[in-house]
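Following: one structure in structure tokens, then a few remarks.
These figures come from a predicted structure and were not determined experimentally. Both counts, for ligands and for their atoms, begin at 1 and track the order of listing.
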Amino acid sequence: MTLSMPGTGARTAAPGTAVPFTPSAPLTRATPNSSGRVAFPDGFRWGTATAAYQVEGAGAEDGRQDSIWDVFCRVPGAVHQGDDGMVACDHYHRYREDVALMKSLHLDTYRFSTSWARVMPDGRTVNPRGVDFYSRLVDELLAADVMPWLTLYHWDLPQALEELGGWPARDTASRFADYAAVMADALGDRVPVWTTLNEPWCSAFLGYTSGAHAPGKKSPELGLAAAHHLMLGHGLAMEALRDRVPEASLGITLNFTVSDPVDPTNPADVDAARRDDGMFNRIFLDPILRGAYPQDLLVDVAHLGLAEHIRPGDLEIISAPIDVLGVNYYNGGAVSATPEPQDGTPLGTAGPDGARERDAGEPVWETRSPNPVPEGIYPHSRDLPTTDMGWEVQPEGLTRLLLRIQEDYSGPRGTALFVTENGAAYPDVVEQDGTVDDQDRLAFVDAHLRALKDAIDAGADVRGYFAWSLMDNFEWALGYSKRFGLTRVDYETQERTVKSSGRWYADVARDNAVPARG
Ligand code: FCB
């Protein structure tokens with residue numbers, strides 16, 4: 001169960017060096033991996049990912065208190081049909097069965113998150129019963145020979161800390177480092193990989209700018225303050241982890257878009273793509289891996305107060321070397337400076353924005369763009385298939401994304417890449433015999449694994465893939481209406497049924513290869 005990766009990333013990129021934005025046209029040609037059997041490098045890790053609030057349930061058990069998501073779920077109209085995570089997949093009680101499921105699927109790694117509100121319900125005081133749950137889970141994984149990959153924060157801030165200002169408040173970063181230290185002291189002897197945050201873009205900009213996610217704030221200034229303090233929290237937690245678990249691999253997971261200008265010959269479209277890329281990707285990549293916020297982004301948001309939050313020394317803390325960078329990829333998008341002919345609205349990002357359709361009669365919860373400066377950035381839909389989320393299916397974007405990160409960010413610093421989330425929601429059909437033959441999801445994962453191998457063949461140091469998700473679960477503002485699982489969950493009975501995609505993925509993991517298309 002050893003990971004072949006360096007203990008620390010070598011720092012070779014000069015801090016503050018600007019990364020030029022170079023739009024590139026989508027790849028359309030077939031590659032050697034487009035069909036046929038595709039073998040992966042020896043030691044490539046195969047896993048699935050989940051998050052505490054999405055699967056655990058046991059919302060008020062063993063001392064757990066509210067996180068911002070518990071409170072947000074009570075806001076009329078905020079979450080589909082008022083769904084919440086009180087029961088979810090009941091993983092808190094069924095973790096043994098779920099670990100056995102992973103083992104039966106030949107998975108060698110499990111990416112899960114720990115709930116800060118379970119471990120430190122008031123954000124500060126340790127709750128030993130909460131820590132115990134994760135200790136039991138880790139032991140169960142190790143006994144099954146499944147490597148635990150722990151994420152400290154997958155969006156569920158203790159509500160007590162939100163009431164003290166949440167992520168826009170600088171102190172939250174220090175509280176997060178204290179929580180990291182508690183977890184490292186408890187589990188550092190058994191967990192070989194630790195990541196600090198999952199998708200800080202969502203925490204900052206869906207949570208504090210768009211209002212689509214908890215805590216539902218709608219302010220460009222708060223989103224940017226949250227973004228910086230999430231970065232600082234990451235850096236301070238890295239210090240706490242490095243001290244306590246020096247042998248472990250440490251890092252962070254970011255979510256990415258691939259911004260393409262609708263017309264690459266039109267400078268205004270190229271500039272819209274540059275700004276979209278800056279506010280989604282480079283705002284986190286640059287401070288972590290290059291030690292500075294991008295200059296063009298600082299100019300774009302100069303009126304929104306970000307610079308006032310950045311204190312001397314912060315960027316040194318934030319840019320401490322990381323061993324692993326988790327890449328979450330669902331889709332990219334085409335953006336333009338002009339609206340789409342019919343109904344273009346300035347969303348300011350081509351990635352998932354959390355906006356959702358409502359059932360008739362559902363209370364309305366207004367949201368705004370997650371981009372603090374969305375003006376003049378219009379997403380345009382392309383002639384691509386879409387998932388049940390409405391997200392475009394764009395596997396070649398993953399190839400370009402991984403190569404770009406490798407070349408501009410992770411490669412120069414010796415940081416290994418892992419695809420820590422990728423997957424698709426589709427409206428599954430349960431057959432009479434209870435099976436789910438989800439060929440659409442299977443084809444989605446197949447295409448993305450082929451695209452991932454294209455990136456490896458072209459030089460990207462990608463060492464593992466985690467399908468989102470092990471099982472259907474609570475999909476945030478969309479509640480239980482969207483199913484991403486390789487395993488179906490019947491929420492009435494909590495019965496798990498492996499879908500066709502799950503059985504196919506188990507063979508991929510067992511063989512370390514994607515089979516030829518049938
Ligand atoms: C990601 C989240 C994950 C899940 C997928 C569909 O942004 O990290 O929890 O909701 O999207």
Side-chain angles (χ1 to χ4, degrees), residues 47-56 67-69 72-73 78-80 83-85 88-89 91 110-116 149-157 195-207 210 212-214 230 251-258 280-281 284 325-333 349-356 370 386-394 397-398 401 418-428 438 441 444-445 448 465-487 489 501:
T48 53
T50 65
Y53 192 72
Q54 294 180 276
V55 299
E56 284 179 3
S67 75
I68 52 177
W69 270 95
F72 189 63
C73 289
V79 175
H80 177 78
D83 289 347
D84 63 37
C89 307
H91 175 71
Y110 179 46
R111 173 176 180 258
F112 64 99
S113 78
T114 53
S115 159
W116 191 351
W149 175 300
L150 190 152
T151 298
L152 286 165
Y153 187 75
H154 200 127
W155 307 354
D156 43 359
L157 184 73
T195 51
T196 54
L197 307 172
N198 172 73
E199 302 190 355
W201 181 86
C202 296
S203 299
F205 299 117
L206 293 181
S210 108
H213 278 189
L230 282 153
I252 186 170
T253 280
L254 303 176
N255 56 318
F256 296 97
T257 187
V258 177
F280 207 108
N281 300 328
F284 301 114
L325 177 65
V327 175
N328 288 2
Y329 174 77
Y330 290 90
N331 64 314
T349 173
D353 64 9
R356 65 183 182 88
T386 53
T387 69
D388 199 25
M389 300 290 279
W391 298 348
E392 291 180 340
V393 179
Q394 193 205 345
L398 178 60
L401 173 66
F418 287 79
V419 173
T420 40
E421 280 182 35
N422 173 244
Y426 285 107
D428 293 332
D438 57 338
R441 186 176 292 102
F444 181 100
V445 178
H448 285 79
Y465 175 91
F466 296 80
W468 184 271
S469 176
L470 173 66
M471 55 190 161
D472 297 336
N473 57 48
F474 174 78
E475 180 46 37
W476 307 112
L478 298 162
Y480 296 97
S481 68
K482 303 294 174 197
R483 293 178 178 269
F484 275 90
L486 299 180
T487 306
V489 175
S501 61

Atoms in ligand 1 with a heavy atom of W476 nearer than 4.0 Å
3 (C), 4 (C), 9 (O), 10 (O)
Give the atoms of ligand 1, by number and element, whose distance to some non-hydrogen atom of Q54 is under 4.0 Å.
3 (C), 4 (C), 9 (O), 10 (O)
Would you call N198 a ligand 1 contact, heavy-atom distance under 4.0 Å?
yes
A student checking ligand 1 against E475 at a 4.0 Å heavy-atom cut-off should list atoms 4 (C), 6 (C), 10 (O)
Hits for side-chain hydrogen bond (donor to acceptor under 3.5 Å, both in side chains) against E199, two or more places apart or cross-chain, chain-then-number order -> N328
Purely on distance, is any nitrogen or oxygen of W468 under 3.5 Å from one on ligand 1?
no
Distance filter under 4.0 Å to F484 heavy atoms, resulting ligand 1 atoms:
6 (C)
Hey, do the aromatic rings of F474 and Y480 have their centres closer than 6.0 Å?
yes
Could you tell me whether D388 and K482 have a side-chain N and a carboxylate O separated by less than 4.0 Å?
yes
Which of the ligand 1 atoms, numbered from 1, are nearer than 4.0 Å to a heavy atom of Y330:
1 (C), 5 (C), 6 (C), 11 (O)
W468 ring center within less than 6.0 Å of Y330 ring center
no
Carboxylate-amine/guanidinium contact E421 R111, below 4.0 Å:
yes
Going by the rule ring pair (Phe, Tyr, Trp, His ring centres under 6.0 Å), which residues pair with F284 if we only count those two or more places apart in sequence or in a different chain?
none
Taking the non-hydrogen atoms of H154, is any one of them nearer than 4.0 angstrom to ligand 1?
yes
Look only at interatomic distance and state if W391 has a nitrogen or oxygen under 3.5 Å from any nitrogen or oxygen of ligand 1.
no
F256-W201 aromatic ring centre distance below 6.0 Å:
no
